2 protein chains.
Amino acid sequence: MSVSLLVVGSVALDSVETPFGSTADAIGGAAVFFSYAASFLSPVQLVGVVGKDFPADELQELETRGVDLQGVVQMPGESFRWKGKYSYDLQNRETLETRLGVFADFKPKIPAPFRDARYVFLANIDPELQLSVLDQVKKPAFVACDTMNYWIHGKRDVLLQLLRSVDCIMVNDAEARELSGEWNVYRAGRWILERGPTRVVVKQGVYGAVLLERERVFYVPAYPLEEVYDPTGAGDAFAGGFMGHLARTNDATAPNIRRAMVYGATMGSFAVERFSVNRFREIGPAEVTVRARAFSELVHFDFESSPAVPAG
Amino acid sequence: MSVSLLVVGSVALDSVETPFGSTADAIGGAAVFFSYAASFLSPVQLVGVVGKDFPADELQELETRGVDLQGVVQMPGESFRWKGKYSYDLQNRETLETRLGVFADFKPKIPAPFRDARYVFLANIDPELQLSVLDQVKKPAFVACDTMNYWIHGKRDVLLQLLRSVDCIMVNDAEARELSGEWNVYRAGRWILERGPTRVVVKQGVYGAVLLERERVFYVPAYPLEEVYDPTGAGDAFAGGFMGHLARTNDATAPNIRRAMVYGATMGSFAVERFSVNRFREIGPAEVTVRARAFSELVHFDFESSPAVPAG
């Protein structure tokens with residue numbers, strides 16, 4: 001029995017150049033990557049804004065996948081566009097152009113039927129808007145948010161206020177460091193945990209992701225891929241897998257959050273195998289289950305048949 | 001029942017500067033870090049060279065720990081000295097000075113009692129010397145080697161010849177890339193596996209280490225540490241834990257090699273907690289067992305109570 005899963009964030013058209021090819025005005029944005037990934041696990045309620053130029057067939061496909069678009073407003077003007085270029089090793093990217101278009105005036109308005117959402121993901125937008133979403137939802141069971149360096153520096157106080165109201169923040173290494181002022185990821189995590197959330201997820205790209213709780217650490221590797229085409233959206237697909245699993249099981253207990261990490265890593269790995277959301281268009285639920293379960297083998301060892309270290 | 005474990009490599013005096021302090025002429029070198037780590041698990045046979053200036057009490061302490069030094073030759077001249085400085089985040093280091101001293105003429109001669117060694121680690125030295133060690137040992141069960149970019153570029157053919165004679169190579173990300181010409185670590189691993197070894201271990205520092213076999217991948221995270229003082233020797237301590245576990249169990253089967261990865265990560269994590277080998281002087285077998293077993297919890301999740309992804 002899955003329950004309601006709400007995501008608020010960008011719906012965009014991306015033009016991406018990697019060493020393996022390029023796309024122009026392909027569907028993207030944090031809320032889109034999130035929705036595609038989560039939709040394998042749970043129905044999704046999406047709140048965002050698009051311009052008049054946004055391809056109608058793309059919106060239709062999202063609906064077909066169980067994404068409720070009554071929170072997506074179409075405004076006069078241009079859709080949010082991002083243009084970026086990755087380095088030869090995909091480890092760095094340069095933003096060539098950002099055209100906010102209608103996204104510049106985005107004020108998320110949560111439709112009445114979405115206000116009962118049990119699971120809420122606040123994708124990377126202005127923390128004031130993230131807070132305004134929390135004012136509109138009733139009593140979510142689990143709220144996670146993302147952010148970026150721009151807000152960490154520009155709206156630090158609001159972001160710290162937001163931290164007091166979320167259960168989990170999902171950031172990458174660099175963001176965790178900038179936010180906390182600590183280079184060491186475990187110290188950074190502790191700093192953040194002392195400011196509100198009970199969980200911090202630090203996304204580490206090809207190295208996987210780490211879940212930090214007050215007393216425990218959980219590590220999930222990245223799924224081993226010999227071919228990575230486009231890292232865009234991996235973090236949001238991770239969030240989609242993570243939150244989608246929580247919503248479909250309606251269970252935010254510690255052991256289930258570990259499983260959510262595995263679904264996050266699973267969906268993140270699919271995201272990078274093609275441009276845009278194209279890999280999600282190729283796979284079905286069986287591929288998701290198979291890959292998620294493969295993580296067990298990837299980290300499995302047992303000490304049952306192994307002796308303790310002998311006393312000297 | 002542990003069996004013989006042989007290591008051949010550098011025995012040095014390190015002067016290291018980190019943001020947290022510095023050391024001068026502290027005991028170091030690949031074979032020393034390896035021996036300290038392995039000695040918790042197995043007796044060690046060490047082959048190396050020191051100058052007349054090498055502190056006698058340091059050699060004595062190694063012996064006390066079960067390291068057989070009959071393969072350590074003392075030569076007229078100065079011991080190998082390395083001086084380095086780490087960046088603020090410990091992620092980069094600069095070599096300030098290297099004085100090879102007696103190490104420049106090191107020609108490993110394996111004492112007769114060491115030639116039956118079942119487990120052999122060829123630490124980072126000239127691959128011609130690594131090959132000469134293999135000519136001197138009889139029938140080892142498992143041979144692992146390390147190397148560095150200097151040899152990858154300068155003695156590539158010899159190194160490729162060595163690869164045909166080892167079971168396992170342990171390198172870091174950068175070395176795996178330089179050796180194979182592949183940026184992707186799984187492609188790099190496959191390239192190396194096609195050239196001889198049945199296992200490649202890629203050490204990834206704070207991100208852990210990955211074991212690559214033809215059909216399988218195993219990932220062990222780095223032990224979460226809030227304080228890291230000095231990364232020097234972490235890779236060699238990893239090798240010491242890994243090979244020490246294989247030797248003490250006399251078992252180089254796949255499941256035991258995974259456990260060896262965990263002991264490797266355990267010993268690597270102790271190495272970085274203090275300068276030089278000092279952390280190994282503080283801990284006992286109980287600390288090693290406790291930390292190794294903590295890795296289970298660090299990656300544990302189960303899917304038993306979790307449903308498969310429903311068909312759409």
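The structure displayed is predicted, hence computed values, not measured ones. The chains referred to below are lettered A, B, ... by the order of the sequence lines, with proteins before strands, and numbering in each begins at 1.
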**OP:** Return the option, out of A/Arg65, A/Glu226, A/Arg258, with the maximum number of heavy-atom pairs under 4.5 Å with chain B.
**Re:** A/Glu226

**OP:** Mark yes or no for whether B/Asn184, through its side chain, and A/Leu225, through its backbone, hold a donor-acceptor pair below 3.5 Å.
**Re:** yes

Subject >> Proximal component of A/Tyr88, with respect to chain B [non-hydrogen, under 4.5 Å] >> reply: side chain

Original post:
Contact part of A/Val220 toward chain B, heavy-atom cut-off under 4.5 Å: side chain, backbone, both or neither?
Top reply: neither

Original post:
According to the interplanar angle, ranging from 0 to 90°, do the rings of A/Tyr219 and B/Tyr219 count as parallel (below 30°), tilted (30 to 60°) or perpendicular (above 60°)?
Top reply: parallel

Original post:
What part of A/Ala260 gets closer than 4.5 Å to chain B, counting heavy atoms only: side chain, backbone, both or neither?
Top reply: neither

**OP:** In sequence, state the C-alpha distance, the side-chain angles, and the governing distance for B/Asp89 and A/Arg177, and then conclude on salt bridge (charged side-chain N to carboxylate O under 4.0 Å, His left out).
**Re:** CA-CA 11 Å; B/Asp89 58 8; A/Arg177 285 170 187 147; over 6 Å; no

Subject >> For B/Tyr186 against A/Ala222, the heavy-atom pair lying closest together >> reply: OH-O, 4.2 Å

**OP:** Describe, in one word, how the ring planes of A/Phe301 and B/Phe218 are oriented to each other, choosing from parallel (under 30°), tilted (30 to 60°) and perpendicular (over 60°).
**Re:** perpendicular

Original post:
So which part of A/Pro224 gets closer than 4.5 Å to some heavy atom of chain B, the side chain, the backbone, both or neither?
Top reply: both

Original post:
Under a 4.5 Å heavy-atom cut-off, does chain B meet the side chain of A/Glu297, its backbone, both or neither?
Top reply: both

Original post:
What residue in B/Met261, B/Gln91, B/Glu182 has the most heavy-atom pairs under 4.5 Å with chain A?
Top reply: B/Gln91

Subject >> Proximal component of A/Ala292, with respect to chain B [non-hydrogen, under 4.5 Å] >> reply: both

Subject >> Heavy-atom closest contact (B/Phe303 atom, A/Arg259 atom, distance) >> reply: CD2-CD, 3.6 Å

**OP:** Of all the heavy-atom pairs spanning B/Leu298 and A/Val217, show the shortest one and how long it is.
**Re:** CD1-O, 3.4 Å

